[in-house]
Amino acid sequence: MHKYYFLASEDTECSDYIYLDEALIPQRLRWACRRSEFQYVDQNLRKLNLEETCGNKLPDFICSEQNNIPLISERLKIEFDRLDVRNLFYQRLNLYRKSDNLCETYWLAIPPRIDCLYKNKCEIDLQNHATILTIEEEKAGNYNIFKLAGINNNEIIVTQKVKDAIKKSGISEGFYIFEDENLRSI
């Protein structure tokens, strides 16, 4: 059976979403998330600060292109558990905003980088960034959420199974899953 893959990102359409305070994100956390090297995430990290002037709507998925720190709501974590998504590194933490004492539990959910890129069918530039992504399904195996190893891209890739489950559950606040003509599989 042929698998279909999609890209996942933070939905930026709602102006009332909460956002992390970029200036207060630990550099080591940024580095660990970007590279999917979760062994470097500080185990004592329990809180991330929110921008003081951001909105009040709590999305189920937070992962801006600038910080690339994937955070999921408790609702989305329960759905991932129901789907038996085992390959993510999880760490519970609180998102906190001092101005109104907003404190909400979220999960850091770092996907692994897996070596499943079929490089002969990809277009990779001099900065090791692929513009055409071709995934070898056999090498991707049972991973339902992942990033690609061997390139500098930071896209989070999800399977049809995840896309369909998220749509069916209605847990999609801030979680945008979409087709991309430059993402293929063989």
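Everything numeric in this text was worked out from a predicted model, so none of it was measured.
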Any heavy-atom pair between the side chains of [Y] and [X] that's under 4.5 Å?
| X | Y | value |
| --- | --- | --- |
| Asn144 | Val158 | no |
| Ile78 | Ile171 | no |
| Ile145 | Val162 | yes |
| Phe80 | Trp107 | no |
| Ile69 | Cys63 | no |
| Leu50 | Asp21 | no |
| Leu45 | Leu29 | yes |
| Leu95 | Asn49 | no |

About how many Å separate [atom2] of [Y] and [atom1] of [X], when rounded to the nearest 0.5 Å?
| X | Y | atom1 | atom2 | value |
| --- | --- | --- | --- | --- |
| Leu133 | Glu123 | CG | CD | 10.0 Å |
| Leu48 | Tyr106 | CG | OH | 12.0 Å |
| Ile62 | Tyr19 | CD1 | OH | 9.0 Å |
| Ile177 | Ile157 | CD1 | CD1 | 12.5 Å |
| Asn68 | Glu155 | CG | CD | 9.0 Å |
| Ile132 | Lys119 | CD1 | NZ | 16.0 Å |

Between [Y] and [X], is there a side-chain donor-acceptor contact under 3.5 Å, judged purely by atom types and distance?
| X | Y | value |
| --- | --- | --- |
| Ser64 | Glu10 | no |
| Arg113 | Asn154 | yes |
| Asn56 | Arg97 | yes |
| Glu137 | Ser185 | yes |
| Tyr17 | Glu173 | yes |
| Asn101 | Tyr96 | yes |

Count the heavy atoms belonging to other residues, nucleotides or ligands that lie under 6.0 Å from [atom1] of [X], then report whether that count exceeds 12.
| X | atom1 | answer |
| --- | --- | --- |
| Lys139 | NZ | yes |
| Gln43 | CD | no |
| Glu179 | CD | no |
| Gln39 | CD | yes |
| Tyr143 | OH | no |
| Asn142 | CG | no |

Can you tell whether the side chains of [X] and [Y] come within less than 4.0 Å, N to carboxylate O?
| X | Y | answer |
| --- | --- | --- |
| Glu74 | Lys77 | no |
| Glu136 | Arg184 | no |
| Asp164 | Lys167 | no |
| Arg86 | Asp84 | yes |

Look only at the side chain of [X] and the backbone of [Y], and say whether a donor-acceptor pair between them is shorter than 3.5 Å.
| X | Y | result |
| --- | --- | --- |
| Asp100 | Leu102 | yes |
| Gln91 | Asp42 | yes |
| Arg75 | Ile72 | no |
| Asn152 | Gln127 | yes |
| Asn94 | Cys103 | no |

Indicate the atoms forming the closest heavy-atom contact of [X] with [Y], along with that distance.
| X | Y | result |
| --- | --- | --- |
| Ile156 | Lys147 | CG1-CE, 4.0 Å |
| Ala23 | Arg30 | N-NH2, 4.4 Å |
| Ser73 | Asp60 | OG-OD1, 2.6 Å |

Aromatic plane relationship, Phe178 with Tyr176 - under 30° parallel, 30 to 60° tilted, over 60° perpendicular |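 Taking Phe178 first and then Tyr176, their aromatic rings lie parallel (interplane angle under 30°).
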Could you label the plane-to-plane angle of the Phe61 and Phe175 rings as parallel, tilted or perpendicular, counting under 30° as parallel and over 60° as perpendicular?
->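 If you compare the ring of Phe61 with that of Phe175, the planes turn out tilted.
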Candidates Ile114, Leu148, Ile186 - the one meeting side chain to side chain contact (heavy atoms under 4.5 Å, CB included) with Ile135 |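 The side chain to side chain contact (heavy atoms under 4.5 Å, CB included) with Ile135 is passed solely by Leu148 among Ile114, Leu148, Ile186.
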Linking I/L/V/M/F/W/Y whenever their side-chain heavy atoms sit closer than 4.5 Å, directly or via other members, would Phe6 and Ile166 fall into one cluster?
->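 Same cluster: Phe6 reaches Ile166 through Ile, Leu, Val, Met, Phe, Trp or Tyr contacts under 4.5 Å.
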